[in-house]
Amino acid sequence: MKEKVKLQFLSSLLTLFICVYAAYTETLNSQTLILRNHNLPNPPTLSWPESTTSGSDPEPDPSTISVHLHHIDALSLNKTPSQLFHLRLQRDGARVKALFSFASLNQTRTTSSGSGFSSSVISGLSQGSGEYFTRLGVGTPPKYVYMVLDTGSDVVWLQCKPCAKCYSQTDEIFDPSKSSSFAGISCSSPLCRRLDSPGCSRKSSNCQYQVSYGDGSFTFGDFSMETLTFRRAQVPRVALGCGHDNEGLFVGAAGLLGLGRGGLSFPTQAGTRFSNKFSYCLTDRTASTKPSSIVFGDSAVSRTARFTPIINNPKLDTFYYLELLGISVGGAPVRGISASLFRLDSTGNGGVIIDSGTSVTRLTRPAYVALRDAFRVGASHLKRAPEFSLFDTCYDLSGLPEVKVPTVVLHFRGADVSLPAANYLIPVDNSGRFCFAFAGTMSGLSIIGNIQQQGFRVVFDLAGSRVGFAPRGCA
């Protein structure tokens, strides 16, 4: 009798183990996409409370800055959700094209009409495709303006009076003559020589800059020193471009805060103060009311982050290159995807960068085709829908409350990043069509975009030369 009870107990235990293992295996292989909203998100509203600039704020920690980020759609007035999505994809295409052009290092450098200016600094990025911006103060007393944040650019700049030509921006254009902390940089200054191709004003002997973007846009003016204020935390003596001639496909922000790895980016200039660390968390606007945010300083590093080393590209110091070893779909490594497809070679070609201003992740074509085909097999139970724009794998999920989709995991060296379902199957219209949010490219360069980064706190630890990913990091 005892033996029978013992066998029944062992049998029950085995059944429980099999059930738990099956549930665990299913979690590895698939996850649930909750279709709480089949529609594209409505245009976001700007909500910077007065406390962000008022004396009612607590006294700031000088070693840490934390500010809210908003999506650039909030500066596009009178647009429908569908129009905003199409504009986002257009910006994305222009930016990716410019990134590839920049990475190839084959741009034709143009000469400015500005007096004494030899040649331009080629950034290769479209300012119009910067996707996230914040509000910060410029000068003393601070004048608050919207600035795009961009991990793919270095030079900090904004529009300045007097304007030879300025595009339309939401705030009043900055007047350096009304700031007590504004100072020009001399042509002989080491800071001036940090520009790729500095210019020199014959009238004032002050340094001049020009940044040209891949879409034909450019900004030209005086390279200067100024104080930036994030909420109430001041960062003095930031070298920035005071642009008097700014032309092209710019959006309503006042300028750009470069977050790249180059010597003139904001993180590099303010590195000592903020321990050479910053992080951001971008929220999914279809599912969260929390604001996106960026943090500078030691508190930017999440305890739950998994880190992967930053790869140095000796030909290009702006971008954050990471080592992608492979991708899994449905719990299994994708056949046909190997680390060699993503390798940065000795000439600076290829590789994988992480970029805040690109929306849709681009993979070199052989890797994308293998990933797409594996996902199609895992999602074969879903009803297919026609292609949409750059997306060639779409599904009709209309009327469904939720669906099971295969998992997608990016395997970086030292860090496996398991993507939430909403980071790779996204709504593209208001009729229930969802598409696989990756795309292929004939370029050797691959780009991890911001749709795939949503919900993670992405940590840039420049002191440790590493990038980290912390899931559910926007709290």
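Computed over heavy atoms, backbone and side chain alike; hydrogens, waters and symmetry mates excluded.
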**Q** Would you check, one step at a time, whether the test side chain to side chain contact (heavy atoms under 4.5 Å, CB included) holds for L363 with S446?
**A** CA-CA 5 Å; L363 299 176; S446 296; 4.3 Å; yes
**Q** What I want to find out is whether D416 reaches R306 closely enough, with some N-O distance under 4.0 Å, to be called a salt bridge.
**A** no
**Q** Under the side-chain hydrogen bond (donor to acceptor under 3.5 Å, both in side chains) criterion, do S181 and E226 qualify, and how do the steps go?
**A** CA-CA 6 Å; S181 52; E226 187 53 287; 2.5 Å; yes
**Q** Assess the cysteine pair C163 / C166: is their SG-SG separation shorter than 2.5 Å?
**A** yes
**Q** Side chain to side chain contact (heavy atoms under 4.5 Å, CB included), that's the test. Do L256 and V156 meet it? Break it down for me.
**A** CA-CA 6 Å; L256 184 142; V156 181; over 6 Å; no
**Q** So, does N313 use its side chain to make a donor-acceptor pair with the main chain of G348 at under 3.5 Å?
**A**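 Between the backbone of G348 and the side chain of N313 there is a qualifying donor-acceptor contact (under 3.5 Å).
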**Q** Would you find a donor on one side and an acceptor on the other, under 3.5 Å apart, between the side chain of S389 and the backbone of F391?
**A** no
**Q** Hey, are K165 and D245 close enough for a salt bridge, meaning a charged N less than 4.0 Å from a carboxylate O?
**A** no
**Q** In terms of side-chain heavy atoms, does T393 have a donor or acceptor partner in R376 at a distance below 3.5 Å?
**A** yes
**Q** Step by step, would you call L282 with L69 a side chain to side chain contact (heavy atoms under 4.5 Å, CB included)?
**A** CA-CA 8 Å; L282 310 175; L69 299 178; 4.1 Å; yes
**Q** Tell me whether C435 and C394 have SG atoms closer together than 2.5 Å.
**A**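 Cystine link detected, SG atoms below the 2.5 Å cut.
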**Q** Looking at K97 and D92, is there a salt bridge between them, counting it only when a charged N and a carboxylate O are closer than 4.0 Å?
**A** no
**Q** Do H411 and S328 have side-chain N/O donor and acceptor atoms under 3.5 Å apart?
**A**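 Side chains of H411 and S328: pair found under 3.5 Å.
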**Q** Could you state the interatomic distance from CD1 (I311) to OG (S465), rounded to the nearest 0.5 Å?
**A** 8.0 Å
**Q** Would you mind telling me which of F174, F133, Y132 makes a ring-ring contact (aromatic ring centres under 6.0 Å, His included) with Y146?
**A** F133
**Q** To the nearest 0.5 Å, tell me how far K315 NZ sits from L344 CG.
**A**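 K315 NZ to L344 CG: 11.0 Å, rounded to 0.5 Å.
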**Q** Using atom types as modelled and distance alone, determine if a side-chain donor or acceptor of T227 lies under 3.5 Å from a backbone N or O of P236.
**A**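 Side chain of T227 to backbone of P236, a donor-acceptor pair under 3.5 Å: no, none is there.
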**Q** Which atoms form the tightest heavy-atom contact between G184 and N206, and what is the distance?
**A** CA-ND2, 4.3 Å
**Q** C200-C192 sulfur separation below 2.5 Å?
**A** no
**Q** Evaluate whether atom NZ of K143 has more than 12 neighbouring non-hydrogen atoms of other residues, nucleotides or ligands under 6.0 angstrom away.
**A**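 No, the 6.0 Å shell around NZ holds no more than 12 heavy atoms from other groups.
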**Q** Does the separation of the ring centres of F412 and F469 fall below 6.0 angstrom?
**A**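 F412 vs F469: aromatic centres under 6.0 Å.
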**Q** To the nearest 0.5 Å, how far apart are CG in L325 and CD1 in I337?
**A** 12.0 Å
**Q** When you measure from the side chain of T283 to the backbone of P291, do you find a donor-acceptor pair of N or O atoms at a distance under 3.5 Å?
**A**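 Side chain of T283 to backbone of P291: no pair is present.
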**Q** Counting N and O atoms only, with roles assigned by atom type, does the side chain of T358 sit under 3.5 Å from a partner on the main chain of D355, one being a donor and the other an acceptor?
**A**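 Checking the backbone N and O of D355 against the side chain of T358, no donor-acceptor pair under 3.5 Å is found.
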**Q** Check for a donor-acceptor pair, side chain of Q169 on one end and backbone N or O of D171 on the other, with a separation under 3.5 Å.
**A** yes
**Q** Apply the test salt bridge (charged side-chain N to carboxylate O under 4.0 Å, His left out) to residues D73 and R91: give CA-CA distance (whole Å), side-chain angles for both, the deciding distance (0.1 Å), then the verdict.
**A** CA-CA 11 Å; D73 283 354; R91 291 194 306 268; 3.5 Å; yes
**Q** Quiz question: by atom type and distance under 3.5 Å, do the side chains of D298 and S275 form a donor-acceptor pair?
**A**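 Note: D298 and S275 side chains meet the donor-acceptor criterion.
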**Q** Does K161 form a salt bridge (charged side-chain N to carboxylate O under 4.0 Å, His left out) with E172? I'd like the steps, not just the answer.
**A** CA-CA 10 Å; K161 294 180 180 179; E172 184 181 351; 3.1 Å; yes
**Q** With sequence neighbours excluded, tell me which residues meet salt bridge (Lys or Arg N to Asp or Glu O under 4.0 Å) with D373.
**A**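 For D373, no residue satisfies salt bridge (Lys or Arg N to Asp or Glu O under 4.0 Å) once neighbours in sequence are set aside.
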**Q** Distance-only, no hydrogens or angles: does the T140 side chain make a donor-acceptor pair with backbone N or O of S179 under 3.5 Å?
**A** no
**Q** Among I327, V352, L322, which residue satisfies the side chain to side chain contact (heavy atoms under 4.5 Å, CB included) criterion with L410?
**A**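 The single option meeting the side chain to side chain contact (heavy atoms under 4.5 Å, CB included) with L410 is I327.
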**Q** Measure across C160 and P176 and return the closest heavy-atom pair with its distance rounded to 0.1 Å.
**A**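 Looking at all heavy atoms of both residues, the shortest contact is CB-CD, 4.2 Å.
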**Q** Applying ring pair (Phe, Tyr, Trp, His ring centres under 6.0 Å), name anything that partners Y320, two or more places apart in sequence or on another chain.
**A** F460
**Q** Does a donor on one side chain and an acceptor on the other come within less than 3.5 Å for S189 and S186?
**A** no
**Q** Does a donor on one side chain sit under 3.5 Å from an acceptor on the other, for Y209 and T219?
**A** yes
**Q** Under a 3.5 Å threshold, yes or no: a donor from one side chain and an acceptor from the other, between R413 and T308?
**A** no
**Q** Going by atom types only, do N246 and Y167 share a side-chain donor-acceptor pair under 3.5 Å?
**A**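 On atom types as modelled, these side chains do not qualify, holding no pair under 3.5 Å.
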**Q** Checking side-chain polar atoms at under 3.5 Å, does D222 have a donor or acceptor matched by the opposite partner on S224?
**A**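 No, no side-chain donor-acceptor pair sits under 3.5 Å.
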**Q** Let's go through T441 and Y368 carefully: what are the C-alpha distance in whole Å and the side-chain angles of both, what is the deciding distance for side chain to side chain contact (heavy atoms under 4.5 Å, CB included) to 0.1 Å, and is it a yes or a no?
**A** CA-CA 8 Å; T441 172; Y368 169 70; over 6 Å; no
**Q** Here's one to test your reading of the geometry: is the NZ or CZ of R135 within 45 degrees of the ring axis of Y144 and under 6.0 Å from its centre?
**A**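 Pair R135/Y144 does not count as cation-pi.
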**Q** To the nearest 0.5 Å, what is the distance between OG1 on T272 and CZ on F274?
**A** 10.5 Å
**Q** Just do the salt bridge (charged side-chain N to carboxylate O under 4.0 Å, His left out) check on R95 and D150 with the steps written out, would you?
**A** CA-CA 12 Å; R95 181 181 181 87; D150 188 358; 2.6 Å; yes
**Q** For residues F319 and G152, report the shortest heavy-atom separation together with the two atoms involved.
**A**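 Of all heavy-atom pairs spanning F319 and G152, the closest is CE2-O, 3.7 Å.
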**Q** At what distance, to the nearest 0.5 angstrom, does CD1 of I447 lie from CZ of F100?
**A** 4.0 Å
**Q** Distance alone, cut at 3.5 Å: any donor-acceptor contact between the side chains of R261 and T318?
**A**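 Judged by distance alone, the side chains do not pair up.
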**Q** Answer with yes or no whether the side chains of Q452 and N423 bring together a donor and an acceptor at under 3.5 Å.
**A**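 Checked: N423/Q452 side chains show no N/O donor-acceptor pair below 3.5 Å.
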**Q** If you round to the nearest 0.5 Å, how far is CG of L240 from CZ of F266?
**A** 10.5 Å
**Q** Is it true that R193 and S188 share a donor-acceptor pair across their side chains at a distance under 3.5 Å?
**A** no
